Number of protein chains: 2
Amino acid sequence: MEEHNRENHILSTQAIKRMPYYLQYLKKLAGEGIEIVSAPSIAAHFNFTEIQVRKDFSAVSTTKGKPKSGFTVKELIYDMESILGYHSVNQAVLVGVGQLGRALLSYRGFENYGLKIVVAFDQDPETAGSKIAGVNVFASEKISDLCRRMNIPIGIITVPETAAQTVCDQLIAGGVKAIWNFAPVHLSVPQNILVQNENMAASLALLSKHLEEKIVSE
Amino acid sequence: MEEHNRENHILSTQAIKRMPYYLQYLKKLAGEGIEIVSAPSIAAHFNFTEIQVRKDFSAVSTTKGKPKSGFTVKELIYDMESILGYHSVNQAVLVGVGQLGRALLSYRGFENYGLKIVVAFDQDPETAGSKIAGVNVFASEKISDLCRRMNIPIGIITVPETAAQTVCDQLIAGGVKAIWNFAPVHLSVPQNILVQNENMAASLALLSKHLEEKIVSE
DNA sequence: CATTATTCGATATCATTATATCGATATGAT
DNA sequence: ATCATATCGATATAATGATATCGAATAATG
């Protein structure tokens, strides 16, 4: 007799990226009092295929969908939030308190995504010592030491590209496990460290390519 | 007799995303006076395979690489910049002058990527009428009209998620061809309009998934 | 001037991701 | 109760993207 547990359904990288979109929409539906939702209706909203939606859901959901009706909105929300780690909060530090750094510090929404920026760093002695959006800013020399002592798993890099690799090395020296990199450079890191690049130049590349209409689809 | 022109080599979406990284590195090399570069050396730097680098290069380059030596740095830079449209400048408007909007307006680096933000919009009557980083801010009601009159191809959305679809519709009504969306929502648009999402929640999802070590590679 | 080592380009294979097909099951209508 | 229909899950196929293989080219070396 076969056992059907969730572990068979693997969650691909692409699927993970779609989760926040599903989640946002499901929460909106829940807010409107909708309790059951079908894969085809979700697919219609996002312009996905219903098969893809069904697969994505089955990869994260602990319960099955019901033929002819669909999935329970609340359960989907709960399951996705669990999978994405929104129920536990990860602490992060941010390095580089320029315009972008300040914007990220001021964006309180991250806590909904399980991320809390607890400390920031900046090279400028003026900025270091100040407090931005309730977060203390320290001098960059203290990165490694503080990260290690506070056992911080995530580092956010919002420094100019020339400083990015140095900062990255300091974060890793401080024991950080994952790096969210907003500098438009490639960072060299050891195997076990994840670098998540938020490279706007890359997005822009797709944009302008589209405007030239020579692109090959996605 | 077969003709070998560049048109055979198609440029995939993923390859386009890699271009800004190559470009950044190639420019650094050029700054150091390096004139020739090989695929294996580039691959080593990025932790890519040399085959991938070679394929990417051959998809954009007008000239061929030379066995035993490599590619001409200058030519690669020129070809990539052309492909990515950095030589011509696209005008854009930005809607939503909050923290993030201000950060983007202040970031002058976009002009290197062929993007120039010429006008901004905001709902708040205080903000509208002001000037941020040299860019005039107008009231949101004027979006469609101004975009159409100035023939703007790109709209940047940095408003809260509740307002994003409305703004999106206004931009499209104004004739915008591509949208760079920083709001964490799916936008519904006609077929011919490109939406490039810059969803930090999606990146965060991958980050925290990695921290749980349950992820399935990339 | 022949030999060797390195890189190139083209074609082939493999991996990942997305879509299509189809039988099974639940809901609502007759 | 039976039938029609919408949706489900599972398996199969297709598309996209990454990697491996291999002969050809060229620069450096003896």
Side-chain angles (χ1 to χ4, degrees), chain A residues 1-19 21-22 34-73 75-76 202 206 209 215-218, chain B residues 1-19 21-22 34-73 75-76 202 206 209 215-218:
Chain A
M1 187 178 281
E2 283 288 333
E3 275 218 31
H4 273 278
N5 60 5
R6 186 102 295 80
E7 306 309 315
N8 308 341
H9 301 256
I10 48 129
L11 192 51
S12 71
T13 304
Q14 299 305 314
I16 293 174
K17 288 196 205 167
R18 285 189 290 271
M19 291 302 154
Y21 288 95
Y22 291 135
I34 294 170
E35 296 184 348
I36 306 280
V37 73
S38 72
S41 76
I42 297 273
H45 176 259
F46 286 107
N47 243 347
F48 295 165
T49 64
E50 60 177 85
I51 303 115
Q52 185 168 60
V53 174
R54 222 174 277 130
K55 270 199 159 177
D56 287 346
F57 284 10
S58 83
V60 296
S61 181
T62 48
T63 59
K64 291 199 162 196
K66 251 191 185 174
K68 192 69 197 277
S69 46
F71 301 79
T72 311
V73 174
E75 285 178 359
L76 282 176
L206 285 174
K209 205 76 198 59
I215 194 170
V216 191
S217 88
E218 159 127 19
Chain B
M1 188 176 282
E2 283 287 332
E3 275 216 32
H4 273 276
N5 59 5
R6 185 104 294 79
E7 306 309 316
N8 307 342
H9 300 257
I10 47 130
L11 192 51
S12 73
T13 303
Q14 299 305 315
I16 293 173
K17 287 195 205 167
R18 285 188 290 270
M19 291 301 153
Y21 288 95
Y22 291 134
I34 295 170
E35 297 186 346
I36 305 282
V37 72
S38 72
S41 77
I42 297 273
H45 177 258
F46 286 107
N47 243 344
F48 295 165
T49 64
E50 59 177 87
I51 303 114
Q52 184 169 60
V53 174
R54 223 174 275 130
K55 267 198 161 178
D56 287 346
F57 284 9
S58 84
V60 296
S61 180
T62 48
T63 59
K64 290 199 163 195
K66 249 191 186 176
K68 193 70 197 276
S69 46
F71 300 81
T72 311
V73 175
E75 285 179 359
L76 282 176
L206 284 174
K209 207 75 195 61
I215 193 170
V216 190
S217 86
E218 161 125 18

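Every value quoted in this text rests on a predicted model; they were computed, and no experiment measured them.
Rounding to whole angstrom units, CG of residue B:Asp56 and P of C:dG9 are separated by 12 Å. Across the protein-nucleic acid pair, B:Lys17 atom NZ and D:dG17 atom P stand 9 Å apart, rounded to whole Å. Atom CD1 of B:Ile16 is separated from atom C1' of D:dG17 by 13 Å (rounded to the nearest Å). The distance from atom CD of B:Glu50 to atom C1' of C:dC8 is 10 Å, rounded to the nearest whole Å. If you take NZ of B:Lys55 and P of C:dA12, they are 12 Å apart, rounded to a whole angstrom. Going from atom CZ of A:Phe71 over to atom C1' of C:dT25 covers 13 Å, rounded to whole Å. Rounded to an integer number of Å, the gap from CZ of B:Phe48 to C1' of D:dT19 is 14 Å. Taking atom CD of A:Gln14 as the reference point, atom P of C:dT19 lies 12 Å away to the nearest angstrom.
In terms of phosphate contacts, B:Ser12 brings no side-chain nitrogen or oxygen within less than 4.0 Å of OP1 or OP2 of D:dT16. The side chain of B:Arg18 contributes an N or O atom lying less than 4.0 Å from OP1 or OP2 of D:dA18.
Listed by chain and number, the residues in a side-chain hydrogen bond (donor to acceptor under 3.5 Å, both in side chains) with B:Glu75 are B:Thr63 (sequence neighbours excluded).
B:Thr72 places none of its side-chain heavy atoms less than 4.5 Å from the side chain of B:Lys66.
For the helix from C:dC1-D:dG30 to C:dT30-D:dA1, the angle separating the two terminal helix axes comes to 10°, with each axis derived from five pairs and the value rounded to 10°.
Taking CD1 of B:Ile16 as the start and CG of A:Leu206 as the end, the distance is 5.5 Å to the nearest 0.5 Å.
Side-chain atoms of A:Ser61 do not come within 3.5 Å of backbone N or O of A:Ser58 as any donor-acceptor pair.
Of the residues in residues 35-45 of chain B, none lies under 4.0 Å from DNA chain D by heavy-atom distance.
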Going 5' to 3' through nucleotides 21-30 of chain D and flagging B where a protein heavy-atom sits under 4.0 Å of the base, S where only the sugar-phosphate is that close, and - otherwise, we get ----BBB---
Per-pair distances, 0.1 Å, donor-acceptor, side chain in residues 43-56 of chain B, under 3.5 Å, sequence neighbours excluded:
| from | atom 1 | to | atom 2 | distance (Å) |
| --- | --- | --- | --- | --- |
| B:Thr49 | OG1 | B:Gln52 | N | 3.2 |
| B:Glu50 | OE2 | B:Arg54 | NH2 | 2.4 |
| B:Asp56 | OD1 | B:Arg18 | NH2 | 3.1 |
| B:Asp56 | OD2 | B:Arg18 | NE | 2.7 |
| B:Asp56 | OD2 | B:Arg18 | NH2 | 3.4 |
| B:Asp56 | OD2 | B:Tyr22 | OH | 2.6 |

